[in-house]
**Student:** 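Next up is a structure, given as structure tokens.
First the proteins, then the strands, lettered A, B, ... as listed; each starts at 1.
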Amino acid sequence: MSKSQQVQQQSAFKQLYAELFNNGGDFGKVSNNLKKPLKCYVKESYPHFLVTDGYFFVTPYFTKEAVTEFHSKFPNVNIVDLHDKVIVINNWSLELRRVNSAEVFTSYANLEARLIVHSFKPNLQERLNPTRYPVNLYRDDEFKTTIQHFRHQALQQSLAKNLKQENIPDIAKVTGGDKKAKVDAGIVRASTSK
Amino acid sequence: MSSAAKNQRSTSRVTKKKTTGPKDAAPKKAEKGSKYEYVELTKAQLTSVTAQHFYAVVIDATFPYKTNQERYICSLKIVDPSLYLKKEKGTGDNSDYATLVLYAKRFEDLPIIHRLGDIIRIHRATIRLYNGQRQFNANIFYSSSWALFSTDKKSALQEIGGQEATSDLVPFSHSGKNFTFQKNEAGIVQNIRKWAQQYFTQYSVISNDMFTALNKAQAQKGDFDVVAKILQIHELDEYTNELKLKDASGQVFYTLALKLKFPHLRTGEVVRIRSATYDETSTQKKVLLLSHYSNIVTFISTSKLAKELRGKITDDRAVEKAALKQDVSLSAVVLTEVDKKHAGLPAHSLHDLFHNADSDKELSSKDTFRTQFYVTKIEPSDVKEWVKAYDRKTKKVTSLKGSAAKGGDNIFQVSFLVKDASTQLNNNTYRVLLYTHDGLGANFFNGVKADNLHKNADARKKLEEYSELLTRFNSYVDAVVERRNGFYFIKDTRIVY
DNA sequence: GACTAAGTGATA
DNA sequence: TGGGTATGTTGC
DNA sequence: GGGGTTATGGGG
């Protein structure tokens, strides 16, 4: 079987976030080559802070330390004033979180890979070249599919572990002719989940 | 800030005077009680300041979209018997048209065009020349209004039961609270409907200058339009369908289409996409990006273009065959085909089949369903035990393991633990059975018959491959199932890989 | 009495 | 139905 | 108007 992805992914966010899912959510397994500073455009700052890589927007999650450092190094800059500005995220990591996707639009299937920002600075003068209209990474076809793949793997592993005893309905049991037999016999509830 | 700060306008106004000479060609006096007089698109006076009324046929449309905090726009291309063909030499049968721009304060006040060839009636539009073209403007937020009449028997939404049925002289949708129809309009509607049907029969309507071939999509600078056949609709999740498209150039593309926005799309239909862009970030499959103003529309039944493309474009499954050679594929692969006799059978989600089947009246009255799912686990896990010896009299099955010859017939007795988009987020898996003791599903494995898998190594090997294929990520089964005794049995379904 | 110029004036 | 208000349009 | 919203952040 061949590995695909023959061409380079142009979106830094899509590559990074997909890497996290393809490594089981373990940031430590993500290639160090990818862990470089991120230069982003601040698309929105309120009520949601969103940054783009020229292709997609994602939510950066600033650590308390990052905010503290920012305020001390740039006392005259308010974070909500970074709208339409460029920022450089020098120190960051990714982590996987279970969230409610009905409420968090930067998530999919109750999963959110979060960009944790440990240190960042503004580039107030810098203007980035115009790019395509940035869209939500969590609405991207391939990225959604990547998350589905992650969930599929997790489900199969869970089933293999928790569904050892197989029990297949007897033919005698399914050939009655009972019109009133309920369909819930076919529901297999995850034996051990949570 | 004080509430009076906003420059609200005074209500009491100073009376002013103005002159209004007899305006040019104002609609003839409404002598015979006819309030509205309908003009042909080319007859509408460009110099007229007064509003015009007309009937026209829609050949393109954006989806209604928001432009700023207080405005929505829907932009259409329209034709009528006086304006539909480019006159210049060398333009072949390229379409000519006027544009119609509707403005409103609310999304709900604008028309949603799901199908080209339908009829729109406009009251009180102004006309002007914009980029050398006739442009009608209708301010729905003021006094203009619109009404949509279906050219086919049913509107696109009526076809899917998403809209109340109407007779042929009643609009399936209109702006405002009420709709009025003068007696003399019946003939107008019938005439333009007949004209629309002939026009779509005779011409492409969407001429070659109005869309881009998919094999040229990557080279496009900005957005472009598409005319393609829907080869497959894959339910990506609760909100989203993924369309598999192929056009006359032979190139396949995928695009995400929100279910709520485009509820009328069906596999096998030819559609036009108004505004798509090439997605440079998709490296595993070709993807088109849509915007909030993008639209996906079908064609009226008489469309020559749609008919030609439906016949010409076929699915060779080349994308899937390539995908299956990779360890992980981001292209969904539907492994099966169902018998043509079930083509009209409506599809139901696993949620319907397992959580609503006994409570919903409609569902409980039926026993045969079409459904799509993915297989998370197959039992028995030992493929050799998929086939058993079956004694029809005692209804007992026995393993074929061991050398002793077993009596009875060889049948498949396999249980699939499945899931789909409707059950994606819950912790359940659902049992769908491939039991061939009564003949149901006997052909599922594409010619691999139920034989003693402890002995027939060739059959066993093929079924082990199918086991792998079925439980692989992004493999899907499109099946017909029959409910018996509360269990669902696969039938008339066959793997095609 | 017919025609013209000027005055009048929104509407959901 | 009528008056008051908000809003679109037009004239100045 | 061949376009870029948002208490709608999976119609807009």
**Student:** Expressed in angstrom and rounded to an integer, what is the separation of B:R71 atom CZ from E:dT6 atom P?
**Tutor:**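 After rounding, the gap between these two atoms is 14 Å.
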**Student:** Walk me through it: do B:V297 and B:R274 pass the test side chain to side chain contact (heavy atoms under 4.5 Å, CB included)?
**Tutor:** CA-CA 8 Å; B:V297 291; B:R274 163 65 183 261; over 6 Å; no
**Student:** Quick one: B:F141 CZ to C:dT11 P, roughly how many Å, whole number?
**Tutor:**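 Answer to the nearest Å: 17 Å.
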**Student:** Heavy atoms under 4.0 Å, any strand shown: does B:T99 hit a base, just sugar-phosphate, or nothing?
**Tutor:**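 Result for B:T99 = nothing.
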**Student:** Between E:dG4 and B:N68, counting only base atoms on the nucleotide and side-chain atoms on the residue, is there a donor-acceptor pair under 3.5 Å?
**Tutor:**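 Counting by modelled atom types and ignoring angles, no donor-acceptor contact under 3.5 Å is found here.
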**Student:** Rounded to whole Å, please give me the gap between CG in B:D209 and P in E:dG2.
**Tutor:**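 Atom-to-atom, B:D209 to E:dG2, this comes out as 15 Å.
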**Student:** To the nearest Å, give me how far apart CZ (B:R124) and C1' (D:dT9) are.
**Tutor:**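 Rounding to the nearest Å, CZ of B:R124 and C1' of D:dT9 are 11 Å apart.
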**Student:** Run the salt-bridge test on A:R132 and B:D279 with the 4.0 Å N-O cut-off and return the result as yes or no.
**Tutor:**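 Judged by the 4.0 Å cut-off on N to carboxylate O distance, A:R132 and B:D279 do form a salt bridge.
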**Student:** Between B:E108 and B:Y72, does a side chain to side chain donor-acceptor pair (under 3.5 Å) hold up when you go through it step by step?
**Tutor:** CA-CA 9 Å; B:E108 303 75 34; B:Y72 291 85; over 6 Å; no
**Student:** When the distance from CG of B:N178 to P of C:dA12 is rounded to whole Å, what number comes out?
**Tutor:**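 That distance rounds to 12 Å.
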**Student:** For D:dT9 and B:N139 - does any side-chain N or O of the residue sit under 4.0 Å from the phosphate oxygens OP1/OP2?
**Tutor:**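 For B:N139, the contact criterion (side-chain N or O under 4.0 Å from OP1 or OP2 of D:dT9) is met.
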**Student:** Sugar-phosphate means primed atoms, P, OP1 and OP2; the rest is base. With that split, encode nucleotides 7-12 of chain E 5' to 3' as B, S or - using protein heavy atoms under 4.0 Å.
**Tutor:** -BBBBB
**Student:** For residues 280-298 of chain B, which residue pairs pass the salt bridge (Lys or Arg N to Asp or Glu O under 4.0 Å) check, not counting sequence neighbours?
**Tutor:**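 Salt bridge (Lys or Arg N to Asp or Glu O under 4.0 Å) check on residues 280-298 of chain B returns A:D141-B:K285, B:E242-B:K285.
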**Student:** Apply the side-chain hydrogen bond (donor to acceptor under 3.5 Å, both in side chains) test between B:Y278 and each candidate in B:K216, B:Q218, B:K221; give the one that qualifies.
**Tutor:**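 Checked B:K216, B:Q218, B:K221 against B:Y278; only one passes side-chain hydrogen bond (donor to acceptor under 3.5 Å, both in side chains): B:Q218.
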**Student:** So, is D:dG3 syn or anti if syn means the angle is within 90° of 0?
**Tutor:**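 It is anti.
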**Student:** Is C:dA12 paired to anything, Watson-Crick or G-U wobble with both distances less than 3.5 Å, and if yes, which nucleotide?
**Tutor:**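 Checking every strand shown, C:dA12 finds its partner in D:dT5, with both distances under 3.5 Å.
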**Student:** With B:F262, which of B:L290, B:I233, B:N241 fulfils side-chain contact (heavy atoms from CB on, under 4.5 Å)?
**Tutor:**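 When B:L290, B:I233, B:N241 are each tested with B:F262, the side-chain contact (heavy atoms from CB on, under 4.5 Å) holds only for B:L290.
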**Student:** Between B:R272 (CZ) and E:dG2 (C1'), how many Å, whole number?
**Tutor:**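 Rounding to the nearest Å, CZ of B:R272 and C1' of E:dG2 are 11 Å apart.
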**Student:** What interatomic distance, in whole Å, is found between P of C:dG7 and the corresponding atom of D:dT9?
**Tutor:**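 It works out to 27 Å between them.
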**Student:** Rounding to an integer number of angstrom, what distance separates D:dG3 and C:dT11 when you compare their C1' atoms?
**Tutor:**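 Straight-line distance between the two C1' atoms is 14 Å.
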**Student:** Can you check the B:L289 CG to E:dG4 P distance for me, whole Å?
**Tutor:**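 Rounded to whole Å, this separation is 17 Å.
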**Student:** Name the nucleic acid region contacted by B:Y130, choosing base, sugar-phosphate or nothing; use a 4.0 angstrom heavy-atom cut-off, strictly under.
**Tutor:**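 Base contact.
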**Student:** P atom, E:dG3 versus E:dG11: distance in rounded Å?
**Tutor:**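 One P to the other, the span is 25 Å.
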**Student:** At under 4.0 Å between heavy atoms, what does B:N295 touch on the DNA or RNA strands: base, sugar-phosphate, or nothing?
**Tutor:**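 It contacts nothing in the nucleic acid.
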**Student:** B:R274 near the nucleic acid: base, sugar-phosphate alone, or nothing, with a heavy-atom cut-off under 4.0 Å?
**Tutor:**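 Since a base atom lies under 4.0 Å of B:R274, the category is base.
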**Student:** Over all strands shown, is B:K105 touching base, sugar-phosphate only, or nothing at heavy-atom distances under 4.0 angstrom?
**Tutor:**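 The answer is sugar-phosphate, as B:K105 gets under 4.0 Å only of primed atoms, P, OP1 or OP2.
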**Student:** Suppose you measure atom C1' in E:dG1 against the same atom in E:dG9; what distance do you get, rounded to whole Å?
**Tutor:**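 Looking at atom C1' only, E:dG1 and E:dG9 are 26 Å apart.
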**Student:** I would like to know whether A:K85 and A:S45 meet side chain to side chain contact (heavy atoms under 4.5 Å, CB included); could you show each step before the answer?
**Tutor:** CA-CA 10 Å; A:K85 299 293 191 299; A:S45 64; over 6 Å; no
**Student:** Is the closest side-chain heavy-atom distance between B:Y203 and B:L85 below 4.5 Å?
**Tutor:**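 Side chain of B:Y203 against side chain of B:L85, heavy atoms only: contact under 4.5 Å found.
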